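Heads up, the thing below is written out as structure tokens.
Basis for what follows: all heavy atoms, side chains included, without hydrogens, waters or symmetry-related copies. Just so it is clear, the model here is predicted, and its values are computed rather than measured.
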Amino acid sequence: MLELGQIKIGYQKSFDDEKGMLRDITAKRLRIKAEEMRKFEIYKRSLDARSKPDIFYIYSVRFLSDDEEGILKKNKNNRNLRQVKRQVMYESRLTQLREFAEERIIVVGSGPAGLFAAYSLSLRGMKPIVIERGYRMEDRIEEVEAFWKTGVLNEECNVCFGEGGAGTFSDGKLNSGVKDKDGAKRFILETFVRFGAGRDILYDAKPHIGTEVLRRVIVNMRQAMEKQGCVFLFRSKVNGIMQKDGHITGILFEQEKQDAGSGKQPDTDSPFEDLTEEHILECSRVIFAIGHSARDTFELLEEDGVRLQPKAFAVGVRIQHRQEAIDQAQYGGGDTLPTAYYKLTGKTEDGRGVYSFCMCPGGYVVNASSESGYLVVNGMSDVARDSGYANAAIVVTVNPSESEDGSDADNVFVGMDYQRELERNMYRAAKGKIPVQRYGEFRKEIENSDADENPGEGVKAGTLSNNQPAVKGLWCYADVAASLPADIARAVVEAVDQFGKKIKGFDTEDTLVMGIESRTSSPVRIVRDEESLQSVTMAGLYPCGEGAGYAGGILSAAMDGLRVAEVIGSELKA
């Protein structure tokens with residue numbers, strides 16, 4: 001296979017035939033006929049804005065040819081042409097294990113980790129049972145939109161819980177720093193495309209699936225898996241673990257009974273008659289792919305003897321700018337600009353890391369609460385990224401296991417408790433709505449506080465300019481600064497002021513601050529053995545994904561799900 005890189009083309013919003021155009025350019029540059037190239041594909045595409053306002057796409061393409069050596073010889077002075085080994089398809093490694101089809105594997109959680117673990121097992125000929133506390137996608141969307149409209153929260157089905165996991169109501173970015181040594185990352189992207197995502201995610205440097213597209217993809221995946229014999233039990237919550245001699249033997253769960261008069265499709269063809277009682281599923285292997293917000297499940301696991309440990313995470317706020325301002329700052333002038341993205345890092349005076357997280361171009365700030373009386377926000381955008389506003393979390397790293405007085409040193413939930421404290425304060429600040437404050441007032445309040453003046457002196461409810469809150473959920477103007485711990489608030493100010501030197505206008509007074517962003521990652525880790533991937537205290541229990549502390553985002557969580565499924569497959573085959 002040959003690869004030609006550094007094909008530079010002026011930026012356009014869209015091309016009539018991008019692949020055909022690149023095929024013609026490649027043939028011309030290599031002085032060959034287009035027919036000599038087989039399986040021609042765009043391999044990579046990135047945006048080059050180093051010479052703004054002139055913006056370019058930089059492409060790499062790959063293709064097969066019957067005369068690759070001849071093409072290399074003819075173009076021996078072309079440094080951008082090279083021969084590469086064709087990557088072995090990950091799917092070819094999924095050896096069919098039909099003889100183990102009766103082995104009962106339980107997957108708890110239907111986020112990216114759980115979904116791809118179950119999908120991998122199904123491709124191996126197995127029929128896993130997926131337990132999900134939230135609703136199937138169709139009903140989940142309805143439930144979340146009702147919450148955004150009324151403020152009435154369903155603690156079992158929300159932005160964090162339900163089919164697809166928390167990533168279903170996010171920006172849908174598919175970035176990952178994990179190296180793709182075995183083709184797992186490519187396999188995941190190709191699976192998304194197979195079930196309805198755009199092909200551009202296969203080659204874009206910053207692939208983005210879009211929340212509304214991701215929802216369709218997940219439903220299509222689930223339906224295909226059900227045809228292969230997989231069982232999905234929605235509205236089903238794990239209440240306990242059965243074990244014997246340090247090995248899991250089953251799980252206890254109960255399934256919410258759906259209103260027979262609702263007229264909705266039932267969430268599952270459950271094998272259980274009375275869905276209001278607790279049920280037992282006997283098994284010897286359970287994949288726990290719970291999300292980072294399954295706090296009650298973390299507590300359950302600890303009570304049942306599963307070893308957990310606290311881990312560092314980050315907290316902060318969401319900030320919002322007009323997308324046009326970010327586009328201009330990143331790419332300069334021009335009639336049509338791409339929707340700009342940024343990723344920023346810095347350090348506070350006391351050495352703590354501050355950075356932007358989950359940046360959503362053309363997106364929305366969403367109420368992502370999962371517990372009554374607590375408020376947390378996240379970012380989300382559709383595939384078009386056309387809200388007109390850009391938002392991102394500005395967060396500071398925290399290690400809550402190192403409490404000031406040392407009293408919480410042995411508390412594995414110290415980070416979770418800290419999250420709850422912040423979320424409770426933010427809920428009170430705006431009575432359950434998303435609190436919004438202009439950065440000019442936020443900053444002034446922190447400066448006054450540092451000067452030992454009245455923290456509220458000179459701070460008043462501001463008049464919003466053309467930077468209006470682009471949110472999903474109810475919101476109101478509130479004192480975000482006063483609702484944050486002083487060290488976090490000061491770190492946010494330091495970060496925004498630093499970032500204002502990198503992106504013009506980032507630190508303007510009209511920038512909006514919304515709180516709180518506290519679910520950047522799981523505050524605990526379910527400790528597992530590095531080789532077997534099983535819990536170090538309970539054999540047969542496989543912690544998996546972001547909630548278990550082994551991933552950070554849609555793609556890395558899905559990759560961890562594949563990894564766990566492969567280990568299980570190898571054990572069964574041995």
Side-chain angles (χ1 to χ4, degrees), residues 5-16 18 21-22 25 42-61 80 171-175 198 200-201 203-208 210 318-346 354-365 379-394 438-440 443 464-470 494-513:
Q6 291 299 309
I7 303 175
K8 182 182 288 190
I9 299 176
Y11 170 81
Q12 295 182 38
K13 283 283 187 182
S14 62
F15 297 97
D16 291 334
E18 188 176 29
M21 173 185 63
L22 289 167
I25 291 173
I42 303 172
Y43 181 64
K44 286 184 180 178
R45 181 180 72 181
S46 59
L47 205 60
D48 185 350
R50 291 174 294 180
S51 302
K52 59 185 179 184
D54 295 325
I55 306 171
F56 300 91
Y57 275 130
I58 305 294
Y59 292 89
S60 293
V61 299
N80 298 318
D171 188 53
K173 286 184 290 293
L174 300 174
N175 297 12
D200 56 346
I201 68 172
Y203 52 79
D204 259 339
K206 294 182 174 66
H208 166 244
R318 280 265 153 189
I319 64 166
Q320 179 191 289
H321 302 87
R322 290 170 50 246
Q323 184 65 52
E324 180 184 7
I326 299 298
D327 294 346
Q328 289 288 336
Q330 293 291 77
Y331 298 137
D335 294 333
T336 59
L337 295 174
T339 307
Y341 173 89
Y342 61 77
K343 185 175 182 180
L344 301 165
T345 61
V354 286
Y355 57 96
S356 63
F357 173 79
C358 187
M359 193 269 161
C360 299
Y364 303 88
V365 176
M380 181 184 89
S381 64
D382 294 331
V383 67
R385 288 177 162 171
D386 58 358
S387 74
Y389 298 91
N391 75 76
I394 303 298
R438 292 175 68 245
Y439 177 66
R443 190 178 192 278
L464 300 181
S465 62
N466 57 353
N467 187 11
Q468 294 290 318
E494 285 189 59
V496 174
D497 287 355
Q498 287 179 35
F499 300 158
K501 297 175 182 178
K502 299 178 180 180
I503 297 179
K504 184 179 179 181
F506 197 89
D507 56 348
T508 63
E509 292 195 350
D510 287 336
T511 296
L512 297 184
V513 181

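- Asn80 places no side-chain N or O within donor-acceptor distance of the main-chain N or O of Gln6, the cut-off being under 3.5 Å.
- At distances below 3.5 Å, not a single donor-acceptor pair connects side-chain atoms of Asp327 with backbone N or O atoms of Thr339.
- Taking all atoms of both residues into account, the shortest heavy-atom contact from Met359 to Lys173 is O-NZ, 2.8 Å.
- In Lys501, the NZ atom is not crowded: 12 or fewer heavy atoms of neighbouring residues, nucleotides or ligands sit closer than 6.0 Å.
- Under the 3.5 Å distance criterion, the side-chain polar atoms of Gln320 are matched with a main-chain donor or acceptor of Ala470.
- To the nearest 0.5 angstrom, Phe357 atom CZ is 10.0 Å from Lys343 atom NZ.
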Open item on the list: What verdict does the side-chain contact (heavy atoms from CB on, under 4.5 Å) test give for Ile25 and Val61, after you've listed the backbone C-alpha separation in whole Å, the side-chain angles of each residue and the deciding distance to 0.1 Å?
Closed with: CA-CA 11 Å; Ile25 291 173; Val61 299; over 6 Å; no
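- Between Phe15 and Tyr57, the two ring planes are tilted [angle within 30° to 60°].
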TODO: Decide yes or no on side-chain contact (heavy atoms from CB on, under 4.5 Å) for Phe506 and Ile319, but give the supporting numbers first.
DONE: CA-CA 10 Å; Phe506 197 89; Ile319 64 166; 3.2 Å; yes
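- In this structure, CG on Asn466 lies 8.0 Å from CD on Gln468, to the nearest 0.5 angstrom.
- Within the 4.5 Å cutoff, the side chain of Tyr342 has heavy atoms near those of the Ile503 side chain.
- In terms of modelled atom types and a separation under 3.5 Å, the side chain of Gln330 and the main chain of Tyr341 share a donor-acceptor contact.
- A pairwise comparison of heavy atoms in Cys360 and Gly379 identifies SG-C, 3.4 Å as the closest pair.
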Open item on the list: Under the criterion side-chain contact (heavy atoms from CB on, under 4.5 Å), I'd like the reasoning laid out for Asp510 against Arg322: C-alpha separation, chi angles, the key distance, then a yes or no.
Closed with: CA-CA 10 Å; Asp510 287 336; Arg322 290 170 50 246; over 6 Å; no
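- Nearest heavy-atom pair, Ile201 versus Pro207, reported as atom, atom and distance to 0.1 Å: O-CB, 3.6 Å.
- When atom types are taken as modelled, the side chain of Lys52 and the backbone of Ala329 share a donor-acceptor pair closer than 3.5 angstrom.
- Interatomic distance, OH of Tyr43 versus OG of Ser60, reported as 8.5 Å (0.5 Å rounding).
- Taking the side chain to side chain donor-acceptor pair (under 3.5 Å) definition, one finds that Asp382 meets it with nothing, sequence neighbours left out.
- Contact of the Leu344 side chain with the Lys502 side chain is registered, since non-hydrogen atoms from C-beta on lie closer than 4.5 Å.
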Open item on the list: Would Asp204 and Leu174 count as a side-chain contact (heavy atoms from CB on, under 4.5 Å) here? Give the steps.
Closed with: CA-CA 10 Å; Asp204 259 339; Leu174 300 174; over 6 Å; no
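- Side-chain atoms of Gln498 never come within 3.5 Å of backbone atoms of Thr345 as a donor-acceptor pair (strictly under, hydrogens ignored).
- Here the side chains of Tyr389 and Asn467 are in contact, with some heavy-atom distance below 4.5 Å.
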- [ ] Using the salt bridge (Lys or Arg N to Asp or Glu O under 4.0 Å) rule, take Arg443 and Asp497 through it: C-alpha gap first, then chi angles, then the decisive distance, then the call.
- [x] CA-CA 10 Å; Arg443 190 178 192 278; Asp497 287 355; 2.6 Å; yes
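- Gln323 places a side-chain N or O within donor-acceptor distance of the main-chain N or O of Gly362, the cut-off being under 3.5 Å.
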TODO: Give the intermediate values and the outcome of ring pair (Phe, Tyr, Trp, His ring centres under 6.0 Å) for residues Tyr331 and Tyr11.
DONE: CA-CA 11 Å; Tyr331 298 137; Tyr11 170 81; 7.7 Å; no
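- The number of heavy-atom neighbours closer than 6.0 Å to CD of Glu324, taken from other residues, nucleotides and ligands shown, is 12 or below.
- A pairwise comparison of heavy atoms in Pro469 and Leu512 identifies N-CD1, 3.8 Å as the closest pair.
- The heavy-atom pair separating Pro361 from Ala340 by the smallest distance is CB-O, 3.5 Å.
- Of the inter-residue distances, the one linking Met21 atom CE with Ile9 atom CD1 reads 3.5 Å to the nearest 0.5 angstrom.
- When all heavy atoms are compared, the tightest approach of Phe499 to Gly346 is CE2-N, 4.0 Å.
- Proximity of a side-chain donor or acceptor of Lys206 to a complementary backbone N or O of Leu47 within less than 3.5 Å is not detected.
- Rounded to the nearest 0.5 Å, atoms CG (Asp48) and NZ (Lys8) are 5.5 Å apart.
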